[in-house]
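We use all heavy atoms of the structure for the numbers below, so side chains are in, but hydrogens, waters and symmetry mates are not. Below, chains carry the letters A, B, ... as their sequence lines are ordered, and counting in each starts from 1.
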Protein chains: 2
Amino acid sequence: MVNLTETDFNGMEELLISYIKSKISVTNEELATILSYFKPMKAKKNELLLTHGQSSQRTFFVVKGCVRIFFINEEGQDSTRYFAFENQFATALVSFITSEPSEEFIQAVEDSEVYYITHKNFYQLLEIVPQWEKFYRIYLEIAYVNNTKRLMSFLIQDALEKYRQLLDESPIIVRRLSNKMVASYLNISQETLSRLKSKL
Amino acid sequence: MVNLTETDFNGMEELLISYIKSKISVTNEELATILSYFKPMKAKKNELLLTHGQSSQRTFFVVKGCVRIFFINEEGQDSTRYFAFENQFATALVSFITSEPSEEFIQAVEDSEVYYITHKNFYQLLEIVPQWEKFYRIYLEIAYVNNTKRLMSFLIQDALEKYRQLLDESPIIVRRLSNKMVASYLNISQETLSRLKSKL
DNA sequence: CTAAAACATTGACTTGAGTCAAAAAATGAA
DNA sequence: TTCATTTTTTGACTCAAGTCAATGTTTTAG
């Protein structure tokens, strides 16, 4: 069914391999099966990998660049829920789980190189590679913890506190991305962010 | 190791059994193993099942009554993240996953009857009952979807919209619980909630 | 290299929702 | 039932953060 040898595990793939191996122990054969389901692709800056209303058929692993997951309210303002940089997965998980059309978009924030696996193949892996169930469980655990901490931060912190915490915990977001993206992530207006920066 | 027959599956337990069976298929022996790890307990209204700073050693299944998961900000105001009524699980999941001390509290909102399983036993089940890994995965999926929808609602809805959605999607919360609890769940002040109600 | 577009800053004004305080209503224990 | 506690409502005031608008600054495409 799958015929992939060690020597095929080149370049970009190594990042994905070491990511998987850091989470679960798999035989070489299982690893080959897993990798055979992942396909590489490139995305230009601003390109949408998933648009609103589609159901989320893919989960992405970022090898180079950065993608974000965001959604848009009635007034047309966007809120970013998550940035995935190198060596991180990005999935519109709600849609991926429920199979309902996504309220979220996935977009390349920089020119990016990613791997993706389709929803169908992902769930097939759950059946045929026992350890994949554990991989997914760990992924869900991390995603849950991230989201819940984020939820709590929105409930109890004001704009300044959120910005300070971001500088403290994820300085890469501030260093590498535009004000607009940072404001979207903190869910404040660009003007407010600009004012915070001058206050600090 | 376990010696539990069908006839032991009485009363309260039936709710738990049918809940588990609705999520995964298990043999009677596996089911008996699972149930042997769950212990019943009662809690009076307002009693804390988990307090801040403890690490979350237990996950609870509500048979009767209602429990809530909440946390408290620096000014002493509480935000409720989740209400579990009959036939629902309640876990301070972040702490349960990370094994760090909980920033969340779990509290009985009404006189309640619950089952609990300890963290240690829960993870033991993951090892010895293969389907339990799937049960946990499904639990995490549901919890993730809930939390993320909640996060999005806080980001894009104002007080009135949040209240309307609650009436629409979880009227039981409004019908059965005090204003104070509802306000805590919507993360608005009691006064604001009171004003919303007169506007509707 | 240059023009156009996108992004960032600053000021003036507005507003949703919070706080504080006091009164009214509901709940509950003796 | 009754008195005390808790909960809910209403009014007056405050404030964090948003909007709109104008002006700089940076990025990008040709």
Side-chain angles (χ1 to χ4, degrees), chain A residues 43-48 65-66 68 70-80 83 107-112 153-167 173-200, chain B residues 44-48 65-66 68 70-80 83 107-112 150 153-167 173-200:
Chain A
K44 285 262 170 236
K45 182 172 177 175
N46 294 328
E47 193 178 313
L48 289 175
C66 175
R68 68 170 180 140
F70 69 104
F71 55 95
I72 298 189
N73 68 11
E74 299 87 47
E75 286 89 44
Q77 296 156 319
D78 68 68
S79 296
T80 297
F83 290 112
Q107 181 184 43
V109 176
E110 306 171 344
D111 290 351
S112 301
S153 121
F154 281 123
L155 294 183
I156 63 179
Q157 295 181 305
D158 64 18
L160 182 59
E161 290 171 325
K162 286 189 283 185
Y163 182 57
R164 281 217 172 100
Q165 185 181 313
L166 185 65
L167 279 176
I173 290 176
V174 181
R175 232 184 303 116
R176 198 159 144 181
L177 305 177
S178 68
N179 255 9
K180 198 178 170 174
M181 287 294 138
V182 174
S184 165
Y185 187 71
L186 296 176
N187 207 47
I188 60 179
S189 69
Q190 292 175 58
E191 291 94 326
T192 296
L193 177 57
S194 181
R195 287 177 179 118
L196 288 180
K197 286 166 73 178
S198 65
K199 230 181 263 178
L200 230 84
Chain B
K44 285 262 168 237
K45 183 172 176 176
N46 294 327
E47 194 177 312
L48 288 175
C66 175
R68 68 171 182 142
F70 70 103
F71 56 94
I72 297 188
N73 68 11
E74 299 88 46
E75 286 91 42
Q77 295 155 318
D78 68 68
S79 296
T80 298
F83 290 112
Q107 181 184 43
V109 176
E110 307 170 346
D111 289 353
S112 302
R150 211 154 146 63
S153 121
F154 281 124
L155 294 182
I156 64 180
Q157 295 182 305
D158 63 19
L160 182 58
E161 290 171 324
K162 285 189 284 184
Y163 182 58
R164 281 217 173 100
Q165 184 179 313
L166 185 65
L167 278 177
I173 291 176
V174 181
R175 231 184 306 118
R176 197 159 144 180
L177 305 177
S178 69
N179 255 9
K180 198 176 171 178
M181 287 295 140
V182 174
S184 166
Y185 187 71
L186 296 175
N187 207 49
I188 60 179
S189 69
Q190 293 175 58
E191 292 94 327
T192 296
L193 176 58
S194 179
R195 287 176 180 119
L196 290 180
K197 286 167 72 178
S198 65
K199 231 183 262 179
L200 231 84

Arg176(A): partners by side chain to side chain donor-acceptor pair (under 3.5 Å), with sequence neighbours left out = Glu86(A), Glu110(A)

Which two nucleotides bound the region of DNA chain D that has atoms under 4.0 Å from heavy atoms of chain B, read 5' to 3'?
-> dT7(D) to dA12(D)

How long is the line joining CE of Met181(A) and C1' of dA6(C), in whole Å?
-> 12 Å

Value for OG (Ser184(B)) from CZ (Phe83(B)), rounded to nearest 0.5 Å, stands at 6.0 Å

Under 4.0 Å between any heavy atoms, over every strand shown, what does Ser194(B) touch: base, sugar-phosphate, or nothing? Just pick one.
-> base

Any residue meeting side chain to side chain donor-acceptor pair (under 3.5 Å) with Ser194(B), in chain and number order, not counting sequence neighbours | none

For Lys180(B), the side chain to side chain contact (heavy atoms under 4.5 Å, CB included) test, sequence neighbours excluded, returns Ser178(B), Gln190(B)

Output for pair (Tyr185(B) OH, Ile173(B) CD1), nearest 0.5 Å, gives 4.5 Å

Taken to the nearest 0.5 Å, the spacing of Lys45(B) NZ from Asp111(B) CG works out to 8.0 Å

Go through the steps for Asn179(B) and Lys197(B) under the test side-chain contact (heavy atoms from CB on, under 4.5 Å), then give the verdict.
-> CA-CA 10 Å; Asn179(B) 255 9; Lys197(B) 286 167 72 178; 3.0 Å; yes

Below 3.5 Å, can you tabulate the donor-acceptor pairs from side chains in residues 156-164 of chain A to any protein atom, sequence neighbours excluded?
unit_1, atom_1, unit_2, atom_2, d
Gln157(A), OE1, Ser153(A), OG, 3.2
Gln157(A), NE2, Gln165(A), OE1, 2.7
Asp158(A), OD1, Leu160(A), N, 3.2
Asp158(A), OD1, Glu161(A), N, 3.0
Glu161(A), OE1, Asp158(A), N, 3.0
Lys162(A), NZ, Leu186(A), O, 2.9

Tell me, please, which residues at least two apart from Asn73(A) pass side chain to side chain donor-acceptor pair (under 3.5 Å).
-> Gln77(A)

Contacts of Phe71(B) meeting ring-ring contact (aromatic ring centres under 6.0 Å, His included) (sequence neighbours excluded), chain-then-number -> none

Considering only nitrogen or oxygen atoms on both sides, find all protein atoms under 3.5 Å from nucleotides 17-23 of chain C and state each distance.
unit_1, atom_1, unit_2, atom_2, d
dA17(C), OP1, Ala159(B), N, 2.9
dG18(C), OP2, Ser189(B), N, 3.2
dG18(C), OP2, Ser189(B), OG, 3.2
dG18(C), OP2, Thr192(B), OG1, 2.5
dT19(C), OP1, Gln77(B), NE2, 2.7
dC20(C), N4, Glu191(B), OE2, 3.3

Whole angstrom value for the distance that separates C1' of dA8(C) from CD of Gln190(A) = 7 Å

Could you run down the sub-3.5 Å N/O contacts of the protein with nucleotides 3-5 of chain C?
none

To the nearest 10 degrees, the angle between the two end axes of the helix from dC1(C)-dG30(D) to dA30(C)-dT1(D) (five pairs per end) comes to 60°

Residues forming a side chain to side chain contact (heavy atoms under 4.5 Å, CB included) with Lys199(B), sequence neighbours excluded = none

Taking OP1 and OP2 of dT9(C), is either one under 4.0 Å from a side-chain nitrogen or oxygen of Asn179(A)?
-> yes

To the nearest 0.5 Å, tell me how far Leu196(B) CG sits from Leu166(B) CG.
-> 11.0 Å

Counterpart residues, side chain to side chain contact (heavy atoms under 4.5 Å, CB included), relative to Leu48(A) (two or more places apart) | Thr51(A), Phe70(A), Phe105(A), Gln107(A)

Taking atom P of dT27(C) as reference, at what distance in whole Å does atom NZ of Lys45(B) sit?
-> 10 Å

